[in-house]
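Below is one structure, written out as structure tokens; comments come after it.
Numbering of residues begins at 1 and proceeds along the displayed sequence. Ligands are counted one by one from 1 in listed order, and the atoms in each one are counted from 1 as well.
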Amino acid sequence: MIFDVKILGCNSASFAFGRHHTSQLVNQNQNLFLIDCGEGTQLQLIRHQIRPGRINHIFISHLHGDHYLGLMGLIFTFHLQGRTEPLSIFGPQGLDEIITVQLRHSESVLNYVIHFHVLSKGGEVIFENEDIWVKTVLMNHRIPCFGFIFEEKLRKFKLLREKLPSTLSRENLAELKEGQDIVDNEGNFIPNADLAVPPAIPRKYAYLADTRYLEHDLPEVFGANLLYHEATFLSDMKSRAESTFHSTAAEAALFAARHQVKTLLIGHYSSRYFDLQPFLAEARPHFSETVLAVEGQLYDIKHNQLLESSENHAPSRANR
Ligand SMILES: [Zn+2]
Ligand SMILES: [Zn+2]
């Protein structure tokens, strides 16, 4: 089942060196979830041949411009394209007001409905479908800021249809799907493993938006197959990182190591840096499985390891 992340923007406050403001697209089983929508996100969607109309859920981490100033344009584009599907937007308090004011002053009536969900606390399940749920975590930033955890649900055991005897009842089939051994209508004991295979281990993508280094643990992040953590600065700017409520590459790596994630993806680079290799050099001594967020690249979230999609280069080689 598809579960990947495409980086649409990886820079922080300023556009620089061809790097755009923050935006990512999560694809889980062909459902597209947009995380943050900095200025330029629409153009990035076009550049990467993603139809905006396929996006039904947008998650905005906080109200600094580099994370949401592209949203209004996208909302109008949906309208101009004749969208009728409802759009769900998850964001901090105030975002609904910003959207409403702009619609009111342009005397615009959208031909689709926006369902707005105000984020208020961490550890909350804000969305779920049959495959995944999305939870919030709290960042430590200058204004209210949220991270999002995309976690697959545990699926049922898969029946080996060609091996199923005719003596099984409907209850037996349900028990097999739950991973239980069964006793059939004729009293035969049948181990589950004879007739079913266990589901894959659920995968988890943790997106942590702008934050100062978190000294405390976030239980929701533990064991994530992929963790995105901001790394705005290198350690020589540590005091600046602290005063602006951002993190360094080393801090992102320390956080990843503490949370035993499989792979760390860093981004939200300051526009002062042209060369991103020093970010890897600083992070990897603390957490070797660190890769750079590079725009246009697709990061597949594989079971217990990160594999790059065939259309791109490996993340670790992306910036050579
Ligand atoms: Zn930012
Ligand atoms: Zn910010």
Side-chain angles (χ1 to χ4, degrees), residues 5-26 33-44 58-74 89-99 118-122 136-149 205-215 218 221 227-235 237-253 255-256 264-274 276 279 283 292-295:
V5 185
K6 191 166 196 97
I7 303 299
L8 300 173
C10 65
N11 237 30
S12 61
S14 301
F15 174 90
F17 312 119
R19 305 192 302 252
H20 296 73
H21 293 163
T22 298
S23 188
Q24 302 186 1
L25 192 71
V26 172
F33 303 96
L34 189 69
I35 309 177
D36 283 336
C37 188
E39 186 184 347
T41 298
Q42 272 201 80
L43 296 176
Q44 291 291 81
I58 299 176
F59 300 83
I60 301 294
S61 63
H62 67 301
L63 295 183
H64 281 155
D66 54 323
H67 295 260
Y68 88 97
L69 285 180
L71 182 59
M72 215 54 223
L74 192 57
I89 299 177
F90 303 78
Q93 190 163 28
L95 183 57
D96 52 344
E97 193 183 331
I98 291 168
I99 294 168
V118 178
L119 306 177
S120 57
K121 58 182 186 201
T136 51
V137 285
L138 283 181
M139 306 289 89
N140 180 9
H141 200 40
R142 279 184 289 133
I143 58 174
C145 182
F146 298 86
F148 303 109
I149 314 294
Y205 175 53
Y207 170 88
L208 299 193
D210 295 11
T211 191
R212 207 183 235 188
Y213 179 63
L214 297 174
E215 303 277 356
L218 293 178
V221 176
L227 163 66
Y228 169 83
H229 193 297
E230 73 122 290
T232 309
F233 297 105
L234 295 170
S235 287
M237 300 290 289
K238 191 170 179 349
S239 61
R240 174 118 177 104
E242 280 174 15
S243 66
T244 56
F245 287 79
H246 286 298
S247 302
T248 65
E251 288 171 335
F255 185 90
L264 168 65
L265 179 64
I266 51 173
H268 198 265
Y269 316 113
S270 163
S271 58
R272 74 183 58 235
Y273 303 105
F274 168 71
L276 301 178
F279 282 80
L292 293 170
V294 174
E295 289 182 15

Does any N or O in the side chain of Thr211 come within less than 3.5 Å of the main-chain N or O of His141, such that one atom is a donor and the other an acceptor? no
Donor on one side chain, acceptor on other, Asp36 and His67, under 3.5 Å: yes
With Ala13 via side chain to side chain contact (heavy atoms under 4.5 Å, CB included) - residues at least two apart: none
Does Glu39, at its CD atom, have more than 12 non-hydrogen atoms belonging to other residues, nucleotides or ligands within less than 6.0 Å? no
Sequence neighbours excluded, the answer for side chain to side chain contact (heavy atoms under 4.5 Å, CB included) partners of Ser120 is Glu124
Return the number of protein N, O or S atoms with a distance to the Zn ion (ligand 2) smaller than 2.8 Å. 4
Closest to the Zn ion (ligand 1), among the N/O/S atoms of His268, is atom NE2
Residues forming a side-chain hydrogen bond (donor to acceptor under 3.5 Å, both in side chains) with Tyr213, sequence neighbours excluded: Arg258
